[in-house]
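Shown next, in structure tokens, is the structure this report addresses.
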Protein chains: 2
Amino acid sequence: MKFIYPFGGSAPKPDVDPDKQIVGGKGLGLQVMSKIGVDVPPGFTLTTPLCQIYAKDNDLPADVWKSVRDNVARIEKDMGKVFGSSNDPLLFSCRSGAAMSMPGMMDTVLNIGLNDTTVEGLASATGNERFAWDSYRRLLDMFGEVVLGIPHEEFEQRLDKVKEDAGATNDVDLNTNDLKNLCREYKAVYEHQKKQFPTDPYDQLYACVKAVFGSWMTPRAVKYREIHNIKNLLGTATNIQTMVFGNMGDDSGTGVAFSRNPSTGENVLYGEYLINAQGEDVVAGIRTPQPIQQMKEVLPDCYAKFVENVDKLEHYFKDMQDVEFTVEKGKLWMLQCRNGKRTGVAAIRIATELVKEGICTESEALLKVEPRHVEQLLHPTFSPEALESNEYTKGVVAKGLPGSPGAAVGKIVFTPARAEEMKANGESVILVRETTSPEDVGGMWAASGILTARGGMTSHAAVVARGWGKPCVCGCSDIIVSESNKTVTVKDTNVVFKEGDVVSINGATGEVINTAIEVKTPSLKGDLEVLLGWADKEQGVMKVLANADSGPDALQAAGNGAMGIGLCRTEHMFFCPERLPIVRRWIFHTECLDDLDHIKHFQRSDFKDLFVAMNGMPVTIRLLDPPLHEFLPRPEQVQEKVAEELGFGKDVKRMLDRIESMHEENPMLGLRGCRLGIIKPDFTKMQVEAIMLAAADFMEESPSTAKPRPRIMIPLIGSINEYKDQAIIIKREAERIRNERGVDIPYEIGTMIEVPRAALVSNKIAALKDDEDGKPLCSFFSYGTNDLTQMTMGISRDDSNGFIPKYLELGIFDDDPFQTVDEEGVGYLMKLSATLGRSANPHLSLSVCGEHGGDPKSIAFFDTVGLNYVSCSPYRVPVARLAAGQARV
Amino acid sequence: MKFIYPFGGSAPKPDVDPDKQIVGGKGLGLQVMSKIGVDVPPGFTLTTPLCQIYAKDNDLPADVWKSVRDNVARIEKDMGKVFGSSNDPLLFSCRSGAAMSMPGMMDTVLNIGLNDTTVEGLASATGNERFAWDSYRRLLDMFGEVVLGIPHEEFEQRLDKVKEDAGATNDVDLNTNDLKNLCREYKAVYEHQKKQFPTDPYDQLYACVKAVFGSWMTPRAVKYREIHNIKNLLGTATNIQTMVFGNMGDDSGTGVAFSRNPSTGENVLYGEYLINAQGEDVVAGIRTPQPIQQMKEVLPDCYAKFVENVDKLEHYFKDMQDVEFTVEKGKLWMLQCRNGKRTGVAAIRIATELVKEGICTESEALLKVEPRHVEQLLHPTFSPEALESNEYTKGVVAKGLPGSPGAAVGKIVFTPARAEEMKANGESVILVRETTSPEDVGGMWAASGILTARGGMTSHAAVVARGWGKPCVCGCSDIIVSESNKTVTVKDTNVVFKEGDVVSINGATGEVINTAIEVKTPSLKGDLEVLLGWADKEQGVMKVLANADSGPDALQAAGNGAMGIGLCRTEHMFFCPERLPIVRRWIFHTECLDDLDHIKHFQRSDFKDLFVAMNGMPVTIRLLDPPLHEFLPRPEQVQEKVAEELGFGKDVKRMLDRIESMHEENPMLGLRGCRLGIIKPDFTKMQVEAIMLAAADFMEESPSTAKPRPRIMIPLIGSINEYKDQAIIIKREAERIRNERGVDIPYEIGTMIEVPRAALVSNKIAALKDDEDGKPLCSFFSYGTNDLTQMTMGISRDDSNGFIPKYLELGIFDDDPFQTVDEEGVGYLMKLSATLGRSANPHLSLSVCGEHGGDPKSIAFFDTVGLNYVSCSPYRVPVARLAAGQARV
Ligand SMILES: [Mg+2]
Ligand SMILES: [Mg+2]
């Protein structure tokens, strides 16, 4: 096994790049630069397997140490300097570098090779005594801290003392003598700590290498990997590199740059440099760096070389580069290169332009855009400047959960009614509630943003808000909401907001800000559409459908590229004020067919809107799902008027009794889903009739163009008999309408798989046949991953906030299972069900229509299950299209 | 294939009994009697496969009909009579008979072969014209109804008219002429219905056979099989048998008898007979039948033969027999035999005596006792006479669910406090609640019976009551309970009960009776212990442990033969009045270690009681499981005093806010089980400390005899990390105490498997090792089938009453899954988990500790999973022992 990879100078240039796992990210960059003729200060990388050996033996094999010395010898030759020489000594830096960037490990030691003797050599060789002693004191500090574990404060105190004695405010104000003093003081620290600073340069180098490898197993690093679920790394590599200095005069300098603008994506060099300076000088902020383009004038050759280097690297890595460089006495050295971080806008522009420029393929471009980049483009946000403003940072008064991304500003209101009223007056409002319920949707829709004190990431407020792409901060336990007093009190403070006070909420972070912050509303860019088009074209890609309940939702979804509706929750349309009383009356008096007829009437028109909006594409309609009591008024809302309206005369008591009798201990597992349809088959029939009539209406109105594709989906199936009961009712009713209307409406019947038991009997459900015509009764499964997660894991999503945050903190869960699908449990059932289902019917359509349908990590998993499509909220469709495409690359 | 099985007379006597599936239950009895020399009127059985042929072809093969005629010819020879002869004609009966008794099919046609001609022959041959015409009119009626489907009312009306004309009150008052008239009237019915009465005897016979086979597929019969989940039958058989008559004079007669007393099991003939009578005469009740023993005097030879026959049959079938016989002119004919139905007491006595008498083996005897027989012996009941009394039958005012079997009588009370108070005064009370909660347990314990308006078979009330063997009627939606008015109102009636009114409840039927009904308290019999001892001895039998939470419970369990405690719900001990405030204070202020210490103190003493009661046997203690809010006072109970007591000063509001903040939408899936232990590790540590200290205390007190065997069980595990977190805490704490106390307490750590996800990762849980000593961390799984059912099926047991009754009615479910384990879903997960778990650790102990642990049908299934034991409530232990033994036979 090759344990050391040399780079730069006379290092060999192998054809095949080493594995990033073996040499780390930094090491790979150095290898590549060295190989493609970009000058890097020569050095060598000790590989990650050595990290494992070190962990076992607490040392490295003797031949590795020998190889280190051989490499040093090579570099001495290349650089014409000698390590440890008292005459222009060669110096090294030592850095850790794993395959992914990771805090918690040893960072950097510079100027290795200096001691009381060599420091003088450096001074005379550079003619800069101050520089030499400054370099030496830095080595003493860094070595003490990172290699020997001496507390930072020890050095800090000495520095402060020397500065005070010298009357200096900044480090740069110290003169050579001060720095010599400081070196003495630092050595005293070592003594005081009973630690040895090795004067032998090799001892320094060996100690640094060991410290880097040892830092991999420090509790801090182990914890970090545990928390971030980083499991597949071999360890860290160690990079030893020749020191070059940018502060050697006006033909020297240092700088950093991106190959393209990381904010906008524009294809121009973006960076800055300082003449006669070291990296620290940029950080110290004493001098102002110049834009990189100006280097063309002062160091034209270096600049030209730099542009060439950057271009080479972009072509090699096929991505925008983030580089560091130093010019030492007119010679350009590249120190580091990596793919640059970027904003969403930039990511998308860069990806598409790289393809146009012939640098990468469409598939490769897809992988350069992260889902969060697309997200950034889909929601109003606070601008980066606003986020850093004092107004914002000091104005954060409370923090909840990031329920639904985006930024919103508005006046506080406490009731949905008030929200609608003020919205009608053209005012932007933030609806603040203890928690929201389905009745609140009118006011939620009217609000610019929603803030709740209780409820997790998948509480009603958050789910609805995400569905609408509306900002929401939920589960904000810092606040106490009093609807009666119309106040929001921030706990443990004297901050109290009243109705009408203006606040801002940041749905991406969960922050609540006590004032108006400027909001930026990005618009969908042409580049994004191009990119998503490439995603859609990937071989065997899952389709992306949308969860939409109304015509406007459906149009929005289609505009975002949804290929149909994967989930229409018909009951969402029951809450509008003119419908709710009818629904309630039916619930209380299910025998009254008038009310049922009335419901059919409006459902029929809703469904037609959906078919029109999604003409030619599937519209998957789930039959009534929630427990009926969700539609009922809360007891405190029941008055004589309400009782009368709902058919109880003025008998408030009797109505309250009825409401009470419908109470459930665990409504999530109660009388809902197909159980309703089985107990009240009239309702199933009514819904099927409404669906089929709507389709027939549309076809009759537009005979040549209308192509309604209804798919009727039965929720909460747990057993074969439940499915059969409902499927037969649906089929008989659908056939009846088809015959009566004489139109050939292609329709499908299928089921949600969201109860664990349904997953276990999937083969039997898929194999069910109609006794009358012998045809299969089930043509699709759609995994309801929300409910499936709740039941498989035994976790109520509404109550999960009580322990999931702690679970994530303790590392018991890697992800919130309501955000990213639990592959080991829920995913196992999905795979089992998919295999069973397809074994009975190879043409069975499989899909997901839970919240997870819009989560990129989950989408990647769903692709492995072999789903035909995912369905998510209209606003997540672009993200899902990207993720689906990426899963196929 | 042999389609016809002849019996009686000259019929051959094959060595091997035919399959009951092929000849039906009745047919098998006739074959056996014929074979062992018990005289039966000759006849033949057409087999069940013919039923399938008939369903397909609507006819039987020609050779079958031919074989029917051959058989008739044989019988004519045997009996010396001719079928259809106008001179002493041979007559037949025709009866259906499947392998199990089943209503809904054609029953019986008698006197086949009579017509206007043969009736005269019968009259002259018997010298009894009235008898002949009476026989004829019965044939006309039965044939019309069962073969031709003429409505019963049609014949009834004619009969009424003839009786009116004749001035007769009873059928027997009709004379020959009246009966001739009636025959004419009946024929008019045929004409009016445009149906033909076949005068040819063979046509009659063929039509009857077809009618029997056809009746198998009538909607009523199909529905019955569907509802009762009868799937494995081939069809019904048809039995054709020579008619014999017991009303041929004083040397004739008819009777029925059991070979032993079916009420007490005593080994004496038990039955009655009538001289000169037909079966119908017994039913008509005009004459009073005589005890069977008196037949010895009037018909000594027949009686001796009868005793001999019954004895032969008992030995052959190795069981108590229920027989019918007819004596025709001094000749004894046995008509039918079957194993007799019996009471619980009788079943157990008979089973043990059959063994003592050498008639059957112990294993065979086990199968003769049904679990419900044992149940009858374990609960107070209303006597059979009381159940039939007017007081009872007319007194039933409401009906709920049979929550917990047994009978109770007492005064109505509405609060647990009042129940305890009145009980202290020596009064028997029935606690009536809308629904019960854990706080009510004191009052529930004090009550003789519990009645709730809401909650299913597995609601808190029912579960607790069953655990205690206390009668409970739950989910009685007929009543409205007003705690404030102290009234129970029966809906849609003007029946109102007040506090102190006496009612009776029947926990076996769910009935509520408006008065005191006499209660019988059976006691455990020696026979039962003998029988259960046999069950325990079966090879590889599952052990039966008990769910017990206190010393007295544990003693009760041990007395019933429990081999340890399979589930101790430690939190059940938190509700007693002196402890509850401490528990509550800890919940509100978990940082306060004093309260925790106090809880440890009483838990330590509880645990010691359990170890003492179960010395040498395992005591499985589940760590805290229910959500903490279950222990809190209800908001309406919070007053200044309570707030002060619980550390809120007088700040009622703050306390209410805290209670409100702990509310959960779906508490069953909320912050409970191991989630509590992970969030509050101090509590886990405290419980482990209490367990280990209790064991150490016991061992120190009785060093030579004490053998505590604690098993610590972690509830609601869903993931490997959850288990590992808790198991490590438990192990470190247990080892600490062991070391500190210097005693070698053998303890085990294990988990409940009750979240579906846990079943899916069972191999990983079983394979977990302690990083420190490399030993397995999990030594047992106990399936919590209640929760596992809730989550696998997505059904909240508390709310299941809203649809499960309807599901059972519609045949969507075969059984209530909370009573009998759902093999297809929950059982699948159990088998998967068991296989996975044992694959990782072959010594893993597997068990069940849910409600299903006491259900015989479930126990039979658990045996196939390979469980080591089941654990159930102490009162169910005997039933479970029987069922476990039966599963092995
Ligand atoms: Mg669902
Ligand atoms: Mg449980």
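As a basis for the values below, the full set of heavy atoms in this structure was taken, side chains included, without hydrogen atoms, waters or symmetry mates. Lettering follows sequence order; numbering is per chain, from 1.
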| Heavy-atom proximity to chain B below 4.5 Å, by part of A:Asp787 | neither
| task | Sort A:Ile720 into side chain, backbone, both or neither according to what part of it lies under 4.5 angstrom from a heavy atom of chain B. | result | side chain
| query | Thinking salt bridges, do A:Glu824 and B:Lys764 make one under a 4.0 Å N-O criterion? | reply | yes
| task | Using non-hydrogen atoms and a 4.5 Å limit, figure out which bit of A:Thr792 sits close to chain B: side chain, backbone, both or neither. | result | both
| When only pairs under 4.5 Å are counted, which of A:Ile812, A:Leu676, A:Val755, A:Leu671 shares the most heavy-atom pairs with chain B? | A:Ile812
| note | Highest number of heavy-atom pairs under 4.5 Å with chain B among A:Asp822, A:Leu832, A:Val826 belongs to A:Asp822
| said: Does any part of the side chain of A:Asp798, heavy atoms only, come nearer than 4.5 Å to the side chain of B:Leu669, both counted from C-beta? | reply: no
| query | Is the closest side-chain heavy-atom distance between B:Ile678 and A:Phe803 below 4.5 Å? | reply | no
| query | For A:Tyr828, is it the side chain, the backbone, both or neither that has a heavy atom under 4.5 Å from a heavy atom of chain B? | reply | side chain
| message | Please identify, among B:Leu829, B:Ile795, B:Asp725, B:Ile679, the residue contributing the most non-hydrogen atom pairs under 4.5 Å to chain A. | response | B:Ile795
| request: Examine whether an atom of A:Lys724 lies under 4.5 Å from a heavy atom of chain B, and if so say whether it belongs to the side chain, the backbone or both; otherwise answer neither. | output: neither
| field | Presence of salt bridge, B:Arg454 and A:Glu664, under 4.0 angstrom | value | no
| field | chain A interface, residue from B:Met791, B:Lys806, B:Arg675 that has the most non-hydrogen pairs under 4.5 Å | value | B:Arg675
